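Lettering of chains follows the sequences in order, A, B, ..., and the numbering in each one begins at 1. Worth saying up front: this structure is predicted, and the values here are computed from it rather than measured. Atoms considered below: every heavy atom in the structure, side chains included; atoms not considered: hydrogens, waters and symmetry mates.
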Amino acid sequence: MARTVIPFGPQHPVLPEPLHLTLTVEDEIVKSAIPKLGYVHRGLEKLAEIRDHSQMIQIVERVCGICSTLHAMCYCQGIEELMNVEVPPRAKFLRVIWAEMHRMHSHLLWLGLFADAFGFESLFMQFWRIRERIMDLQEATSGNRVIVSVNCVGGVKRDIDAETQKWILDTMKIVEKEVLQLKSTIMDDFTVKRRTVGIGVLSKEKAYEMGAAGPTLRASGIAQDLRQTGYAAYSDLNFEPVIETDGDCYARTVCRFNEVFQAIDLIREAFTKLPDGELAVKAKGLPNGEVVSRVEQPRGEVLYYLKGNGTKFLERVRIRTPTFANIPPLLDMLPGCDLADVPVLILTIDPCISCTER
Amino acid sequence: MKSFINKSRVKSPWLIHFDCGSCNGCDIEVLACLTPVYDIERFGILNVGNPKHADILVVTGTVNHRNKKALRNVYDQMPEPKVVVAVGACGTTGGIFREAYNVVGGVDKIIPVDAYVSGCAAKPESIIDGVIIALGKLAEKGKKVDQGIFERLENTQNFIKNR
């Protein structure tokens, strides 16, 4: 059977972002896949040379629009470590609340897009309808729907008052009820199972060896989540990573679906333990030395390497994002699958190309 | 016949979304326009994957040296009449990234833009507003294109008759 080369992307209906894959297929079976990146590369790391360390917060928030506050949180934690700033406890808890809200909106977004990838459009609409409630919360608490700009060096910029807390908790109740109603559809539906069960299996050893991150790793049965390290206020909260053992597309879907409920529980617990106190301390001095800061994003672990030289400009900012770690496992999954499953497999690692290419 | 084609084109325009170096913020807001809360399908607007079917090109994000060819390619594949909506601060001017080394600038450096939507990230309401403004321009452009087609058709028919 002759081999055919099929270009996939950069403009493709299933992908919201430009990613190019050169697929070599033999009789509808994919034999090899070569990625081509760089369609969204802007060169943000270099901007550290002309923007000072506090202006860089606005830049790193725009590395990725879906997990903006987590990028800023990771960056601020790094700068705080360089400048020896102790963040007030209330700010730590508020950071967790915004981070978990972001995780919920990101996972609901992914569940919708994934349903759309195998043609289940009504499920896509249902998930995005629920997601709008969380977008409303983000707009009310931070002033913007997508780019949630609340972090600053030394704490947070905004407070959540008692009235808003009650509203958030009421909304969490509604969201929990509505997501539970979709549980039978996403987990037991015949069409969903036909498109996901047993497809793109990533074994435990392979996932570890290839350095997968986030739900892609946890769905293969490895309980590794950076929130276990207890950054921000996670050390004061009850936290157990969600794991699945099968390592196929279905396991990754279930893993993300359960993480939505975990995020709801974390927000509730954070509100009950929320201490009083000031929101931010004033940071004095200039960043000097080097530091590695890590945070768990919806897609996995993000790593910031920051190097300061005692001036207000940082010498080097290096960002390593979870999708970059998840591309090698994806290229391992693709050979041997049907051409029709390629969109499902690409979406199953929850690719965030603008994170990867910056 | 002429007015019927033009009217139905404006009442049910098909839209293609191209991500051109955006941070995803505007992309998910463009997608949010399709979902039940905002629901632009009530205006007859449908999101399609093929540029050959589309009337409106919605571009999010800055243009960089790699994807400017892809953007130009998608624009050239669309049939006339067509309009372009540049979404977000990056799409209009380059926004916060304008000084980065791989950024060319706004979308209007590569292709002509008919409507600009401000905001970082642009809200779904303002994106819908921008698309509606673009639809007005689509109607004007449509008239010109249709005139050309029917004039040419008449000329050909006359030519055949007089031969």
Smallest heavy-atom separation, A:Leu47 atom then B:Ile96 atom, equals CD1-O, 4.3 Å

Let's test your reading of the structure: which of B:Ala32, B:Pro51, B:Ala70 forms the most heavy-atom pairs below 4.5 Å with chain A?
B:Ala32

Looking at B:Ala100 and A:Gly43, what are the two nearest heavy atoms and their distance?
CB-O, 3.8 Å

For the interface with chain B, which of A:Arg129, A:Glu132, A:Met135 has the highest count of heavy-atom pairs at distances below 4.5 Å?
A:Glu132

What's the separation between atom CG in B:Asn67 and atom NE2 in A:His41, rounded to the nearest 0.5 Å?
11.5 Å

B:Thr35 side, atom OG1; A:Ile130 side, atom CD1 - distance, nearest 0.5 Å:
11.5 Å

Scanning both residues in full, the closest heavy-atom pair of A:Arg145 with B:Tyr38 reads NH1-OH, 3.2 Å

Euclidean distance, B:Asn24 CG relative to A:Ile353 CD1, rounded to 0.5 Å
8.5 Å

With no hydrogens and no angle check, is any side-chain donor or acceptor of A:Asn144 less than 3.5 Å from a backbone partner on B:Cys120?
yes

Can you tell which of B:Val103, B:Asp27, B:Ile28, B:Val37 has the highest number of heavy-atom pairs within less than 4.5 Å of chain A?
B:Ile28

For A:Trp167, I'd like to know if atom CH2 has over 12 heavy atoms of other residues, nucleotides or ligands within 6.0 Å.
yes

Rounded to the nearest 0.5 Å, what's the gap from CD1 on A:Ile59 to CD on B:Glu99? Could you check?
8.0 Å

Indicate the atoms forming the closest heavy-atom contact of A:Val40 with B:Asn64, along with that distance.
C-ND2, 3.6 Å

Does any backbone or side-chain atom of A:Leu37 lie under 4.5 Å from a heavy atom of chain B? Answer side chain, backbone, both or neither.
backbone

What part of A:Glu139 gets closer than 4.5 Å to chain B, counting heavy atoms only: side chain, backbone, both or neither?
side chain

Would you mind telling me which of B:Gly119, B:Cys26, B:Pro124, B:Gly61 has the largest number of heavy-atom pairs within less than 4.5 Å of chain A?
B:Pro124

Answer yes if the ring centres of A:Tyr39 and B:His65 are under 6.0 angstrom apart, and no otherwise.
no

Exercise: identify the closest heavy-atom pair between B:Ser22 and A:Ser354
O-CB, 3.4 Å

Part of A:His20 within contact of chain B (heavy atom distance under 4.5 Å):
neither

Mind ranking A:Leu109, A:Ile147, A:Val146 by heavy-atom pairs under 4.5 Å with chain B and telling me who comes out on top?
A:Val146

Nearest 0.5 Å, what's the SG-CZ distance between B:Cys90 and A:Arg42?
7.5 Å

B:Leu34 side, atom CG; A:Met125 side, atom CE - distance, nearest 0.5 Å:
6.0 Å

